[in-house]
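Here is the naming used below: chain letters follow the sequence lines, and residue numbers restart at 1 for every chain.
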Protein chains: 2
Amino acid sequence: MSDIPHRSSRPLRADAEQSIARILIAAEQVFAADPSATLEAVASAAGVARATVHRRFSSRDDLRDALVNTINTKLRDAIASANTDTAPPLVALYQLTVATLDLKVDWRASWQLIDLDATDQRGIDPSNISHLDALLQRSQDAGLLRPGIDIPWARGVYMALIHEASTIRSEDESASHWANRVMQTLLSGIGDNEHNLEALLAQPPTSD
Amino acid sequence: MSDIPHRSSRPLRADAEQSIARILIAAEQVFAADPSATLEAVASAAGVARATVHRRFSSRDDLRDALVNTINTKLRDAIASANTDTAPPLVALYQLTVATLDLKVDWRASWQLIDLDATDQRGIDPSNISHLDALLQRSQDAGLLRPGIDIPWARGVYMALIHEASTIRSEDESASHWANRVMQTLLSGIGDNEHNLEALLAQPPTSD
DNA sequence: ACTAACTGCAACACACATGTCGCAGTTAAG
DNA sequence: CTTAACTGCGACATGTGTGTTGCAGTTAGT
């Protein structure tokens with residue numbers, strides 16, 4: 001996939017495997033600061049020579065793909081450990097939110113790579129999307145989501161909220177706190193449930 | 001600001017002004033297809049020589065700034081014509097949503113330029129942000145927004161929803177339809193108001 | 001019509017990231 | 001210990017975007 005010598009031929013030597021890991025982590029950090037950073041910068045951050053980067057990842061795009069792949073793998077794990085298709089919808093959704101929130105802060109830059117081609121349908125693994133959709137559908141069937149809402153919109157809103165939360169969230173704040181906020185907003189919005197139309201349509205103090 | 005001859009010295013000739021407009025529009029369209037597109041591509045799309053682009057915008061970054069500036073100007077107009085500080089909060093918010101939704105589809109690429117440095121605080125004009133915040137605050141005072149919600153979060157959610165809607169929305173669909181959807185989701189979320197905890201925590205059909 | 005301004009064209013210098021290679025030294029694996 | 005594999009280093013070729021300049025031709029403004 002991402003690295004040049006085909007895995008099928010022979011397992012990589014231990015230090016080579018470590019180099020790959022170091023490069024990926026370094027790339028994440030460097031690209032977080034500057035998405036158009038040089039591979040030279042990535043190499044030095046990883047503590048390897050630039051040539052080594054090219055040995056492990058044939059091109060810049062190849063490295064990019066590897067980063068996206070990392071996200072999808074971690075996301076898959078998060079989905080799996082949230083038991084999205086066995087646990088009660090509400091708890092599964094909550095678990096997934098917490099995990100994704102953490103994933104977002106640790107791999108900001110790589111995630112941005114995904115968001116950019118979000119319109120292209122490329123980026124996020126379709127399998128991950130369908131798992132999420134299945135969970136949302138199950139949530140709707142269980143009465144958690146309003147019947148009229150269509151799943152793609154629900155998914156979009158959910159991911160948008162997570163994105164927003166991870167953007168605002170400072171690193172020392174707990175993920176669960178923000179997960180609560182996301183869930184609350186997702187399900188109930190930020191409006192007051194007992195709308196008082198008289199007040200809402202009243203003129204503001206300045207004009208009255 | 002954006003163009004090389006200082007405006008203060010003498011007004012630009014009519015065709016020069018037109019060139020600037022053509023270039024900005026072309027840049028928007030070209031960058032929408034490929035954010036890292038060449039200035040050559042922008043020039044040909046605008047029907048001018050590449051040198052002319054450099055005459056009007058000293059550097060690539062300068063062009064970028066001009067695009068961001070365009071957005072902020074149009075956003076300012078949208079805020080003004082929505083009467084964000086005189087109209088009832090609900091209608092002002094709705095008006096603003098419709099306008100922004102259209103702005104988002106016509107200037108996708110330029111808006112993305114803003115989103116990228118969203119973390120840097122640069123990008124969106126602080127003045128526009130404070131006007132929006134004021135509207136949200138007024139909405140909260142009027143009882144439209146739940147009392148506990150803090151404004152930055154409200155703003156973030158609002159903009160995230162608009163972004164999501166503009167991403168999904170196909171060009172032929174009406175802005176008002178999506179504005180309704182955004183407002184609905186913003187205020188009430190996508191959850192069922194009458195949560196049935198028994199059902200939500202029930203095991204899924206597969207395990208029962 | 002006259003003039004200043006703007007444009008197209010074409011060439012140039014420049015910087016810089018990218019990708020490739022070979023060699024010598026080091027490291028992990030059996 | 002022996003060997004195959006991996007690394008660092010340095011050099012090279014290459015492509016490509018960028019920004020600049022000069023000149024001749026065209027256009028808008030008065």
Suppose the criterion is salt bridge (charged side-chain N to carboxylate O under 4.0 Å, His left out): which pairs have a residue in residues 66-78 of chain B, not counting sequence neighbours? none
On DNA chain D, compare the nucleotides closest to B/Ser36 and A/Ser19; which residue's is nearer the 5' end? A/Ser19
Rounding to an integer number of Å, can you tell me how far A/Phe57 CZ sits from D/dC6 C1'? 15 Å
Would you call A/Ser176 and A/Tyr94 a side-chain contact if the rule is heavy atoms closer than 4.5 Å? yes
Specify the separation, in whole Å, of atom CZ of A/Arg56 and atom P of C/dG19. 16 Å
Can you tell me how far P of D/dG19 sits from CZ of B/Arg64, to the nearest Å? 14 Å
Letter by letter from the 5' end, nucleotides 24-30 of chain D scores (B base, S sugar-phosphate only, - none; protein heavy atoms under 4.0 Å) ---BSS-
Mind calculating the distance between CG (A/Asp61) and C1' (C/dA17) to the nearest angstrom? 13 Å
Write down the distance between CD (B/Glu40) and P (C/dG8), rounded to a whole number of angstrom. 12 Å
Using a 4.0 Å heavy-atom cut-off to protein, can you give one letter per nucleotide of nucleotides 8-16 of chain D, 5' to 3': B if the base is in contact, S if only the sugar-phosphate is, - if neither? BB-B-----
To the closest 0.5 Å, what do you measure between CD (B/Gln112) and CD (B/Glu28)? 9.0 Å
Using the side-chain contact (heavy atoms from CB on, under 4.5 Å) criterion, which residues pair with A/Ala45? Sequence neighbours excluded. A/Ala26, A/Val30
Roughly, in whole Å, what's the span from NE2 in B/His54 to P in C/dG8? 14 Å
Could you state the CG-C1' distance from A/Asp62 to C/dT18, rounded to the nearest angstrom? 14 Å
Let me know the distance between CG of B/Leu39 and P of D/dT20, rounded to the nearest Å. 12 Å
Taking the six-membered ring of B/Trp178 (Phe, Tyr or Trp), confirm whether the NZ or CZ of B/Arg181 is under 6.0 Å from its centre and within 45° of its axis. yes
Would you list the atom pairs, donor with acceptor, under 3.5 Å between side chains in residues 157-165 of chain B and any protein atom, with sequence neighbours excluded?
from: B/Tyr158; atom 1: OH; to: B/Thr97; atom 2: N; distance (Å): 3.4
from: B/Tyr158; atom 1: OH; to: B/Thr97; atom 2: OG1; distance (Å): 2.7
from: B/His163; atom 1: ND1; to: B/Lys104; atom 2: NZ; distance (Å): 3.0

Contact list for residues 88-102 of chain B, test salt bridge (charged side-chain N to carboxylate O under 4.0 Å, His left out), sequence neighbours left out: B/Asp102-B/Arg169
Sidechain N-carboxylate O distance under 4.0 Å for A/Arg138, A/Asp85: no
Could you walk me through whether B/Ser19 and B/Arg22 pass the side-chain hydrogen bond (donor to acceptor under 3.5 Å, both in side chains) test, one step at a time? CA-CA 5 Å; B/Ser19 286; B/Arg22 290 167 64 87; 5.8 Å; no
